[in-house]
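Structure, as structure tokens:
Computed from a predicted structure; not experimentally measured. Just so we're on the same page: letters track the sequence lines, and every chain starts at 1.
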Amino acid sequence: MSDRYNFELIEKKWQVEWEKTNAHRTKPNHKPKFYCLEMFPYPSGKLHMGHVRNYSIGDVLARYKTMQGFNVLHPMGWDAFGLPAENAAIQHHTHPAKWTFANMDRMRDQLKSLAFSYDWQREYATCKPDYYKWTQWLFLKFWERGLVYRKEQLVNWCPSCATVLANEQVVDGACERCSTKVTRKNLEQWFFKITDYADRLLNNLDNLPGWPEKVKAMQRNWIGRSEGTVIKFQVNEKEYLECFTTRADTLFGVTYVVLAPEHHLVEKLIKDKAEEQKCRAFIEEVLAQDEIDRLSTEAEKKGVFTGSYATNPLTGEKVPIWLANYVVGSYGTGAVMAVPAHDSRDYAFASQYNLPIKYVVFPENEPLPENCAYEADGILKNSDTFNGMKNREAIKAITEELTKRKLGHFQVNYRLRDWLISRQRYWGAPIPMLYCDHCGIVPVDEKDLPVLLPTDVEFKANGENPLKTSAKFQSVTCPKCGGKARRESDTMDTFVDSSWYYLRYTSQPEDKICDLEEAKYWMNVDQYIGGVEHAILHLMYSRFINMVLYDMGISPKEEPFENLLTQGMVLLGGTKMSKSKGNIVDPDEMIKAYGADTCRLFVLFAAPPERDLEWSDAGIEGAYRFINRVWRLVYELAPVIAGVPYKEVSRDGLSSDDRKIQQKLHETLAKVTEDLGVKFQLNTAISSIMELVNELYQVKDYSTINKELLRQTVDNLLLMLAPFIPFVASELWEYTGHKTDVHKASWPNYDTELALAEEVEIVLQINGKIKDRLLVPQDATKEELEQIAKESDKIQALLEGRTIRKIIAVPGKLVNIVAG
RNA sequence: GCGGACGUGGCGGAAUUGGCAGACGCGCUAGACUUAGGAUCUAGUGGACGACCUCCGUGGGGGUUCAAAUCCCCCCGUCCGCACCA
């Protein structure tokens, strides 16, 4: 072995070795299991630093758990369907598959060069037929269970991607992928009924203690459960408007009703009215606006009277019906009973259009505030038989009254909408449905799966779905009647592919989505690691799909991810690295310059996993320097400990210099074990290993140190480093005489007794200010400490002429003397 | 507006069961080795003071306590998510 750290040489050597021995292959066995999963990547072409960070965190955990005796499942695969492949196909006149598989090959090599301990035999890609067959099968099962439906409605359309998008994929009114402003279109699309699971998705969050509060809060917010009352306002003999409200107590304060311009009754309400033209112009104006402008809080409230009236079900009073931009068509019923006296939005609108304001809830001990809505609790007035009631009780009482008279009912509403899963693109799993002239919508027979993507297609820049250019694909015979049918040309949202992938890692049978026994052994994912950007999208869809699979008896657990770690972003110059900003640090270049171990060590050391990490060229230098320090240390020590067998050394017969090393070793073992196993603080684990190395550098002459202790110390140092810098640890482990891989060894034990120094420094305080420090026996009692403190010359001098009021002694820490 | 996180040296960050603030790393300063060193090793490095003593110091203000970065109250600021959801 060279005295110089040559990372190129050793990284190549061990990579070949691990490949040859199939080092990370795992199968179910008698040991306790640990399923460690990092979010699989989209094969965009190259790994970025975010990947390196994500996968380094996971790899440390997987290797650590393995050394701890767990049977660790640590797989990797590809989220391989998606639009960039199709764009590349258009640009380079190639096929999306070609581009995708080439990227996968390149990225797989990168992952291997970083020493990530994946069981590569479990690798798959979601774009391969043997995977998407089961995505399609899932779709059919959802159809059977009534969880799929097709419906025409106003949907989000991305003009650049030329496809519809789910609500979750619209961020600030723009496409989550390409940032193009999203427009609205009335289209017939496929939906998954995620709203059927809203309550379960919400309630289960309380049973996920291993998830960050932030992610749970975001999901709660997104689901947006609210309890209220649907109230019917008659508009003519046959028809009524349903309004959803959480404030049924204010029903007597309603002075008008407002509809979203897209409400289904609008047409009838304005027909042949004097206001018809004005209304039509208004509707056109509002619908032309994009969602973001229209629904921004800052937007001016605008509205127009329809010419029609609605009847308040309890008072019988007729109130005008208005259209307004501030009512959301897709939430609740799209109609709102307006109570300007008790809702600030209605108040603003009413003031602007001179609509009446009628107070019905009054504060108990203070006057009504002026010139604004009163939204807090109080006592009902002007409310007929409900007068004098507390408003909270009135909500129930009025809802009951309405229910009794069949004029309304209690209702739970969600902000969550059903998941729009169809996409007008080629590179996705085809939706396995047919349109038959006789039978209507017919599902593909299970035995006919997978519905393969055709290859006789054209990729044109005009945005047309390429699947529509394949005649062979589109024309089929109906499995029901044998007649002519047309195949659905939409494909599934790629989030469907990634919502069940963790199950497919547990086993990949040809005839089943996964093997139940294997799934039972491996599930749940014990630790899931990925970016917080998936807090809602991927993480909620996965919970939903898995919940359905659980109900079907396929997934053994209702919630798929036991513990979730959302790692922070990698920043350069304070902002997220991105191609468009040009602030990219390329992992390949870093590996070339410093080696993979240095890259891993730096991203793990520079910040705690869940916090953002600022890239630093000086910082990675530091990591490199540390590895070199370890290298030189072990290189120098190897001859000293050559032939010395490993043994856990006791305290007996050690010199004080020996003891210093032994104490530091056990202290470090304890700290690293706790940081890795309990706190998951990789940065502090590394810093304590650095301290141990520093301690060993303090030794002037190694020949004076107990050889067995040195052997134990060097071995344990390498074992602790093994999860972080696998190449270097393996090489040095071999160099110090071991025949088997360091990662096959057990995590070292430590002795808390030996981790304590015989003497500790305590501080002596007077009135909380430090006045002296001294070394005392580690096990000195309170009484002994008090005695020692009083005997200190410095303390005695300072206490001259003062009276001691109180003495507080904390063994191992300090003595504080309170003196007057 | 609602929800979540956070505020500590020149920088990244330690210390949160109340008990030595600033571990570890970067940077900086000095020295050693050296033909040379942006290599390596050693020492130092929160601020005020040449040093000693001492005082100040964890966003700001108040409080509890023998003792507060840590607990409580008020305020300021930063980041993230949601936001006219009735």
Heavy-atom donor-acceptor pair, Lys301(A) side-chain to C84(B) base, under 3.5 Å: yes
Sugar-phosphate only, base, or nothing, as touched by Thr245(A) at under 4.0 Å among non-hydrogen atoms: sugar-phosphate
d(CZ, Phe626(A); P, C24(B)) in whole Å: 12 Å
Conformer about C1'-N of G9(B) - syn within 90° of 0, anti elsewhere: syn
Interatomic distance, His342(A) NE2 vs A86(B) P [rounded to whole Å]: 17 Å
Distance test, side-chain N/O of Tyr326(A) to OP1/OP2 of A86(B), below 4.0 Å: no
Salt bridge Arg632(A)-Asp3(A), side-chain N to carboxylate O under 4.0 Å: no
Atom-pair distance (CD on Glu375(A); P on C2(B)), nearest Å: 12 Å
Pairwise P distance, A15(B) and U78(B) [rounded to whole Å]: 27 Å
N/O donor-acceptor pair under 3.5 Å between Asn156(A) side chain and Val182(A) backbone: no
Touch class at under 4.0 angstrom, heavy-atom based, for Tyr697(A) against every strand present: sugar-phosphate
Sugar-phosphate only, base, or nothing, as touched by Gln681(A) at under 4.0 Å among non-hydrogen atoms: sugar-phosphate
Distance in angstrom units between Lys769(A) NZ and G19(B) C1', rounded: 15 Å
Interatomic distance at P, G47(B) relative to U29(B), whole Å: 15 Å
Test: Glu667(A) and Lys664(A) ion pair at under 4.0 Å: yes
Identified pairing partner of C24(B), criterion: Watson-Crick or G-U wobble below 3.5 Å: G12(B)
Nucleotide A86(B), atom C1' - distance to CZ of Arg247(A) in whole Å: 11 Å
Pairing partner (Watson-Crick or G-U wobble, both distances under 3.5 angstrom) of U64(B): none
Among U42(B), A67(B), G27(B), the nucleotide that comes nearest once only the side chain of Asn816(A) is considered: A67(B)
Span that lies between the C1' atom of C56(B) and that of C2(B), in whole angstrom: 40 Å
Touch class at under 4.0 angstrom, heavy-atom based, for Ile808(A) against every strand present: base
Pairing nucleotide - U35(B), Watson-Crick or G-U, each distance under 3.5 Å: none
Of the listed nucleotides C66(B), U42(B), G4(B), the one nearest the side chain of Glu213(A): G4(B)
Sugar-phosphate only, base, or nothing, as touched by Gly622(A) at under 4.0 Å among non-hydrogen atoms: sugar-phosphate
Closest to the Lys214(A) side chain, choosing from G4(B), C20(B), G12(B): G4(B)
Touch class at under 4.0 angstrom, heavy-atom based, for Glu533(A) against every strand present: nothing
Touch class at under 4.0 angstrom, heavy-atom based, for Asn413(A) against every strand present: nothing
Salt bridge present between Lys671(A) and Glu691(A) (N-O < 4.0 angstrom): no
Any side-chain heavy-atom pair of Leu208(A) and Arg543(A) under 4.5 Å: yes
Lys806(A) NZ - G19(B) C1' separation (whole Å): 14 Å
Base partner of C82(B), which must satisfy Watson-Crick or wobble distances under 3.5 Å: G1(B)
Evaluation steps, salt bridge (charged side-chain N to carboxylate O under 4.0 Å, His left out), between Arg225(A) and Glu227(A): CA-CA 7 Å; Arg225(A) 184 182 198 274; Glu227(A) 294 185 352; 2.9 Å; yes
Atom-to-atom span, CD of Glu667(A) to P of C24(B) - whole angstrom: 11 Å
C1' gap between A67(B) and G12(B), integer Å: 30 Å
Pairwise P distance for C49(B) and G10(B), with rounding to whole Å: 15 Å
C1' spacing across the pair U70(B) / U64(B), given as an integer number of angstrom: 14 Å
Nearest-neighbour nucleotide for the Ser687(A) side chain, A86(B), G13(B), C24(B) considered: C24(B)
Among G13(B), G19(B), G25(B), the one nearest Asn694(A) by side-chain distance: G25(B)
Closest nucleotide among C66(B), A21(B), C24(B) to the Glu691(A) side chain: C24(B)
Within-4.5 Å side-chain heavy-atom neighbours: Glu761(A) and Arg773(A): yes
Sugar-phosphate only, base, or nothing, as touched by Arg629(A) at under 4.0 Å among non-hydrogen atoms: sugar-phosphate
Most 5' of Lys671(A) and Tyr414(A) on RNA chain B, judged by nearest nucleotide: Lys671(A)
Among Phe724(A), Trp615(A), Tyr624(A), the one residue meeting ring-ring contact (aromatic ring centres under 6.0 Å, His included) with Phe602(A): Trp615(A)
Sugar-phosphate, base or nothing in reach of Pro212(A), heavy atoms under 4.0 Å: nothing
More than 12 heavy atoms of other groups within 6.0 Å of Arg802(A) CZ: yes
Inter-nucleotide C1' distance (U58(B), A69(B)), Å rounded: 5 Å
Sugar-phosphate, base or nothing in reach of Arg805(A), heavy atoms under 4.0 Å: nothing
Contact nearer the 5' end of RNA chain B, comparing Ile817(A) with Ile686(A): Ile686(A)
Candidate nucleotides C66(B), A15(B), G81(B), ranked by approach to the side chain of Val818(A) - the nearest: C66(B)
Out of C20(B), A14(B), G12(B), whichever nucleotide has its closest atom nearest the side chain of Arg611(A): A14(B)
Within 6.0 Å of CZ in Phe680(A), more than 12 heavy atoms from elsewhere: yes
Candidate nucleotides C41(B), G19(B), G27(B), ranked by approach to the side chain of Arg625(A) - the nearest: G27(B)
Span that lies between the P atom of G25(B) and that of A36(B), in whole angstrom: 28 Å
Selected nucleotide, minimal atom distance to Met690(A) side chain, candidates G19(B), A83(B), G25(B): G25(B)
Sugar-phosphate, base or nothing in reach of Asn628(A), heavy atoms under 4.0 Å: nothing
Touch class at under 4.0 angstrom, heavy-atom based, for Ser226(A) against every strand present: sugar-phosphate
Complementary nucleotide for C55(B) - Watson-Crick or wobble, under 3.5 Å: G47(B)
Length of the CD1-P vector between Ile766(A) and U54(B), whole Å: 11 Å
